[in-house]
Enquirer: 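Let me give you the structure first, and then I'll get to my questions.
Since this is a predicted model, take the numbers as computed values, not measurements. Every number for a ligand or one of its atoms is a count from 1 in the order of the listing.
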Amino acid sequence: MGLLDRLSNWLQFKKKEARILCVGLDNSGKSTIINQLKPLRTRNTDIAPTVGFCVEQFNSGNLSFTVFDMSGQGRYRNLWEHYYSSSDAIIFVVDSTDKLRMPVAKEELNQLLSHKQIQQKRNLPVLFFANKNDLRHSVSPVKCAQLLGLDRGEWVRGGTWHICPSNGLTGEGLKEGLDWLSDQLIDLKS
Ligand SMILES: Nc1nc2c(ncn2[C@@H]2O[C@H](COP(=O)(O)OP(=O)(O)OP(=O)(O)O)[C@@H](O)[C@H]2O)c(=O)[nH]1
Ligand SMILES: [Mg+2]
């Protein structure tokens, strides 16, 4: 094995750490999704609405994730901004059946994207889960993206986004999203 191969192997196996901020309206499924991402033996059987926020840790591929699972309830949303400066990426969870509150989700997203701490960042990846896609009245990820105005958002310089349909109860769709996020983060951190 040549030196360059050894070096790239070493880089590949070196653990990299990423801090992820998980936000979205209350009842969108954030804690349910994060629970699914944890190893089976550490998963909770009951998920209650989050009070304030919770910190969770898990590994995926070569990345070690620390996730800040924020409460989406109105009275706690002002906590989100305290974690903007230290986040490497954002996961924004949307209840794709909640058409009534899609404009509220859009407004919260726009506030996040236009926040000074976020605007100062470069290349911030934002992963959207169009969650609850198992339910009959869910809208497609394309429609969700439209309703959230993703093409018109004030994206940070070089920042990129991706939207995946997901089912927080079964974990369907989560791997696709996490793989995308890992690729973005590995590129940023190498
Ligand atoms: N049918 C269906 N229900 C889901 C899905 N994901 C989550 N839920 C349910 O949605 C409800 C809210 O889930 P949570 O994970 O507590 O939502 P949250 O976004 O963490 O809510 P807050 O902590 O209040 O901000 C729970 O009853 C979950 O079982 C999904 O993909 N499909
Ligand atoms: Mg929660």
Enquirer: What are the atoms of ligand 1, with element, lying closer than 4.0 Å to any heavy atom of Ser71?
Expert: 25 (O)
Enquirer: Where is the tightest heavy-atom contact between Ile33 and Gly168, given as atom of each residue plus distance?
Expert: CG1-CA, 4.0 Å
Enquirer: Under a plain distance cut-off of 3.5 Å, with no hydrogens placed, do Gln57 and Thr66 share a side-chain donor-acceptor pair?
Expert: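 A pair is found: one side chain offers a donor N or O, the other an acceptor, under 3.5 Å apart.
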Enquirer: Within less than 4.0 angstrom of ligand 1, does Ser28 place any heavy atom?
Expert: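 True for this residue.
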Enquirer: Out of Asp26, Asn27, Val94, who gets a non-hydrogen atom closest to atom 12 (C) of ligand 1?
Expert: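 When every heavy atom of Asp26, Asn27, Val94 is considered, Asn27 comes closest to atom 12 (C) of ligand 1.
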Enquirer: Side-chain contact test, heavy atoms from C-beta onward, threshold under 4.5 Å: evaluate it for Ser182 versus Phe65 and give yes or no.
Expert: yes
Enquirer: Aromatic contact between Phe53 and Tyr83, with the criterion being ring centroids under 6.0 Å apart: yes or no?
Expert: yes
Enquirer: Is Phe68 reachable from Val94 through a run of hydrophobic residues whose side-chain heavy atoms are each under 4.5 Å from the next?
Expert: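 Yes, it is one cluster - the side chains of Val94 and Phe68 are joined through contacts under 4.5 Å.
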Enquirer: For the Mg ion (ligand 2), which protein N/O/S atoms fall under 2.8 Å? Skip waters.
Expert: Ser31 OG, Thr50 OG1
Enquirer: Check this for me - ligand 1, Ala48, N or O atoms closer than 3.5 angstrom, yes or no?
Expert: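 Ala48 vs ligand 1: no N/O contact under 3.5 Å.
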Enquirer: Quick check: closest heavy atoms across Tyr76 and Ser71, and the distance to 0.1 Å?
Expert: CD1-OG, 3.2 Å
Enquirer: Is there side-chain contact between Trp80 and His115, with heavy atoms separated by less than 4.5 Å?
Expert: no
Enquirer: Is there a heavy atom in Asp69 that sits closer than 4.0 Å to ligand 1?
Expert: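 Distance cut 4.0 Å: Asp69 fails for ligand 1.
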Enquirer: So, 4.0 Å and heavy atoms of Leu169: is ligand 1 close enough to count as a contact?
Expert: yes
Enquirer: I want to confirm something. Looking only at heavy atoms, which of Thr32, Thr50, Val23, Asn131 is nearest to atom 13 (O) of ligand 1?
Expert: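 Result: the heavy atom closest to atom 13 (O) of ligand 1 is in Thr32.
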Enquirer: Going through the distances and angles, do His162 and Gln184 end up as a side chain to side chain contact (heavy atoms under 4.5 Å, CB included)?
Expert: CA-CA 11 Å; His162 183 69; Gln184 306 304 309; over 6 Å; no
Enquirer: Counting only nitrogen or oxygen atoms and a 3.5 angstrom limit, does Asn133 reach ligand 1?
Expert: no
Enquirer: Please determine, by modelled atom types, if Arg19 and Ser87 share a side-chain donor-acceptor pair under 3.5 angstrom.
Expert: no
Enquirer: Nearest heavy atom to atom 32 (N) of ligand 1: which of Val93, Asp95, Asp134 does it belong to?
Expert: Asp134
Enquirer: Does atom 27 (O) of ligand 1 have a protein non-hydrogen atom under 4.0 Å from it?
Expert: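 Neighbour list for atom 27 (O) of ligand 1 is empty of protein heavy atoms (cut-off 4.0 Å).
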Enquirer: Is there a polar contact between ligand 1 and Gly29, counting only N or O atoms under 3.5 Å apart?
Expert: yes
Enquirer: Please could you name the atoms of ligand 1 that Leu25 approaches to less than 4.0 Å, counting only its heavy atoms?
Expert: 19 (O)
Enquirer: Would you say atom 2 (C) of ligand 1 makes contact with the protein, given that contact here means a non-hydrogen protein atom less than 4.0 Å away?
Expert: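 Yes, there is a protein heavy atom closer to it than 4.0 Å.
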Enquirer: Nearest to atom 20 (O) of ligand 1 by heavy atom, Ala130, Gly168, Gly173, Ser31: which?
Expert: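 Result: the heavy atom closest to atom 20 (O) of ligand 1 is in Ser31.
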Enquirer: Do Thr32 and Asn35 get their side chains close enough for a donor-acceptor pair, meaning under 3.5 Å?
Expert: no
Enquirer: How about Ser138 and Asn133: does a side-chain donor come under 3.5 Å of a side-chain acceptor?
Expert: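 Asn133 and Ser138 do not have a side-chain donor-acceptor pair below 3.5 Å.
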